[in-house]
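Quick notes on the structure that follows.
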Amino acid sequence: MGVRMIDPKLLKKDPDLIRASLARRRMPVDLGALVSKDESRRQIQKEGDELRGNHKRRSEEMARAMRMKANTDTLRAELRTLSTRISELEERQRAADSAFEAEALLIPNLLLPDVPDGGPPEENPVVSVQGEKPAFDFQPKPHWEIGESLGILDFERAAKISRARFTALLGAGARLERALISFMMDLHASRGYTEIWPPFLVNAAAMRGTGQLPKFSEDLFKCEGQDLWLVPTAEVPVTNFHAGEILPADRLPLRYAAYTPCFRAEAGAAGKDTRGMIRQHQFDKVELVKFCRPEESEAELESLRRDAEEVLRRLGLPYRVVVLRSGDTGFASAKTYDIEVWLPGQTAYREISSCSTFTDFQARRAMIRHRAKSGETALVHTLNGSALAVGRTLIALLENGQRSDGSVALPSALHPYLGGLTEISKP
RNA sequence: GGAGAGGUGGCCGAGUGGCCGAAGGCAAUCGCCUGCUAAGCGAUUGAACGCUUAAUAGGUGUUCCGGGGGUUCGAAUCCCCCCCUCUCCGCCA
């Protein structure tokens, strides 16, 4: 009951398919233990079903006997014994179910066949390079130098009131962050996405639904003493928005755009990206989330990626798209494109969006279904992608728009959102 | 936070211990009927898991009346805890 993760039917029928996917992910997991836990769990359920059926039939006899005022002492005693055996068995069943589930929830999603094989030392294949890298007749600076000298980024005071990996934005910087959120949301809303402003704290069931829990709790912030967690991405509240629902097929695909702040503990990132605003405990992000029929999801991933790219195109930022190799693809994802923006201050492409299809993995965990034409219920596919990470977009604008005098030119697409501001210069 | 009311199928709503997966109505689907439509008549229509099966076809079993515990041979119905919704009061942006 309530066992949700990888498809238990697939585990029973074709565990080798799951093994092959795990091997592609470079995850040596022994499925044998899981398979035998599944078997014992099903065996116990079978026994329990038989016992309960027996008890049910004898109870009906009991009811009849009571009506006829017959003597029921023997029957009553028999039923009491049966009842005890059932409770014992149900105790075992609970244990077997949770043993199975605890392990099953740690199995990552199956990869799509076209995900390129390979692991971390290898580069992820570049599938597209777009935009002109700006040419500078001076040495371009990293965003933290630009931002501090313009007085729009303050790392020290942010660390004073919080700790490292927090940044305060000031003046034109704060204005730019706010403008970017509005610009992105307006763009997506005009292109068929429904705006949604979700809660920023969610419960553990929601975190489990999208796959953050139980495996990645150390990456999350939790409210002490409460079943409330700070969202690491809008994916969590928005995907779980339809948890437990059977969506009408004629309304699919559902497309949502949501802005949220994102909170990440960055537990494994000690020493990485310690300068500047690249890796923060808190950042803003606009996220696109889709729910669709299984047969539509691959096409929806492509259009999702295009919708994310559109933001960069309109901002005039150079970028490239990579497809993540099997060993790099996230736990819940079946296939992921990363969009990487060009940062001249660091002479590197850095991730600014990640667009993934989760096939039915999240839908199974969160029980999000639709009614197929044939009439029966079937899991939907879920997808999501950043469009975009706002803080990193701001960084990219600073580094790509910088001029030799230390000022920064802002793209015309943002001008309507900036109240007349077209550049940021020293006060 | 305090007081009260309530949470039953897609929706409304009956049901205070067994004959209840659950009356009745609405909605929907199929059929009949009617120039068309409406009305009318008839039938069908919840989900999960297991077993069976090539099958997510069919068959079959178990479970599910907000969630969890308890009483009882037996719980939608009785008891306890929790969650949620509504109304009033308090507080607050």
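Residue numbering restarts at 1 for every chain, and letters A, B, ... go by the order of the sequence lines. Values below: every heavy atom of this structure, side chains too, minus hydrogens, waters and symmetry copies.
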Is there a Watson-Crick or G-U wobble partner for [N] with both distances under 3.5 Å, and which nucleotide is it?
| N | result |
| --- | --- |
| B:G35 | none |
| B:A22 | none |
| B:U53 | none |
| B:U16 | none |
| B:G74 | none |
| B:G6 | B:C84 |
| B:C65 | none |
| B:U45 | B:A27 |

Base, sugar-phosphate or nothing for [X]? Non-hydrogen atoms, less than 4.0 Å.
| X | answer |
| --- | --- |
| A:Arg80 | sugar-phosphate |
| A:Ser59 | base |
| A:Thr81 | nothing |

How close or far is atom [atom2] of [N] from atom [atom1] of [X], stated in whole angstroms?
| X | N | atom1 | atom2 | result |
| --- | --- | --- | --- | --- |
| A:Leu51 | B:U63 | CG | P | 11 Å |
| A:Ile86 | B:A75 | CD1 | P | 10 Å |
| A:Met66 | B:G17 | CE | C1' | 10 Å |
| A:Glu61 | B:G18 | CD | P | 18 Å |
| A:Lys56 | B:C64 | NZ | P | 9 Å |
| A:Gln93 | B:U62 | CD | C1' | 9 Å |
| A:Leu11 | B:G50 | CG | P | 11 Å |
| A:Glu78 | B:C73 | CD | P | 14 Å |

Span that lies between the [atom1] atom of [M] and that of [N], in whole angstrom:
| N | M | atom1 | answer |
| --- | --- | --- | --- |
| B:G67 | B:G59 | P | 28 Å |
| B:G24 | B:G61 | P | 23 Å |
| B:A5 | B:G58 | P | 47 Å |
| B:A93 | B:A3 | P | 25 Å |
| B:U44 | B:A22 | P | 13 Å |
| B:U77 | B:G15 | P | 15 Å |
| B:U8 | B:U85 | P | 14 Å |
| B:G21 | B:A76 | C1' | 11 Å |

We want to know whether A:Ser425 and A:Ser407 form a side-chain donor-acceptor pair, criterion being a heavy-atom distance below 3.5 angstrom. no

No-hydrogen, no-angle side-chain donor-acceptor test under 3.5 Å, A:Asn124 and A:Asp338: no

Check whether any side-chain nitrogen or oxygen of [X] sits under 4.0 Å from OP1 or OP2 of [N], and answer yes or no.
| X | N | answer |
| --- | --- | --- |
| A:Arg42 | B:G61 | no |
| A:Arg41 | B:C49 | no |
| A:Lys12 | B:C51 | yes |
| A:Thr74 | B:C73 | no |
| A:Thr377 | B:A47 | no |
| A:Arg52 | B:G61 | no |
| A:Lys46 | B:C49 | no |

State which of [options] makes the closest approach to the side chain of [X].
| X | options | value |
| --- | --- | --- |
| A:Arg94 | B:A47, B:G69, B:U63 | B:G69 |
| A:Arg67 | B:G46, B:A55, B:G18 | B:G18 |
| A:Gln45 | B:C73, B:U62, B:C49 | B:C49 |
| A:Arg371 | B:U62, B:G46, B:G18 | B:G46 |

RNA chain B nearest-nucleotide lookup for A:Glu90 and A:Ser83: closer to the 5′ end is A:Glu90

Assert: residue with more 5' nearest nucleotide on RNA chain B, out of A:Glu60 and A:Asp38, is A:Glu60

So with a 6.0 Å cut-off around CZ of A:Arg157, is the heavy-atom count from everything else above 12? no

Crowding at CD, A:Glu156 (>12 non-hydrogen neighbours, <6.0 Å): no

Ring centres under 6.0 Å, that's the criterion: do A:Phe361 and A:Phe331 meet it? yes

Would you say that A:Arg165 contacts A:Arg264 through its side chain, given a criterion of any heavy-atom pair below 4.5 Å between the two side chains? no

Between A:Asn240 and A:Ala205, the two heavy atoms sitting closest are OD1-O, 4.3 Å

Do the rings of A:Phe166 and A:His281 sit parallel, tilted or perpendicular, given the 30° and 60° boundaries? tilted

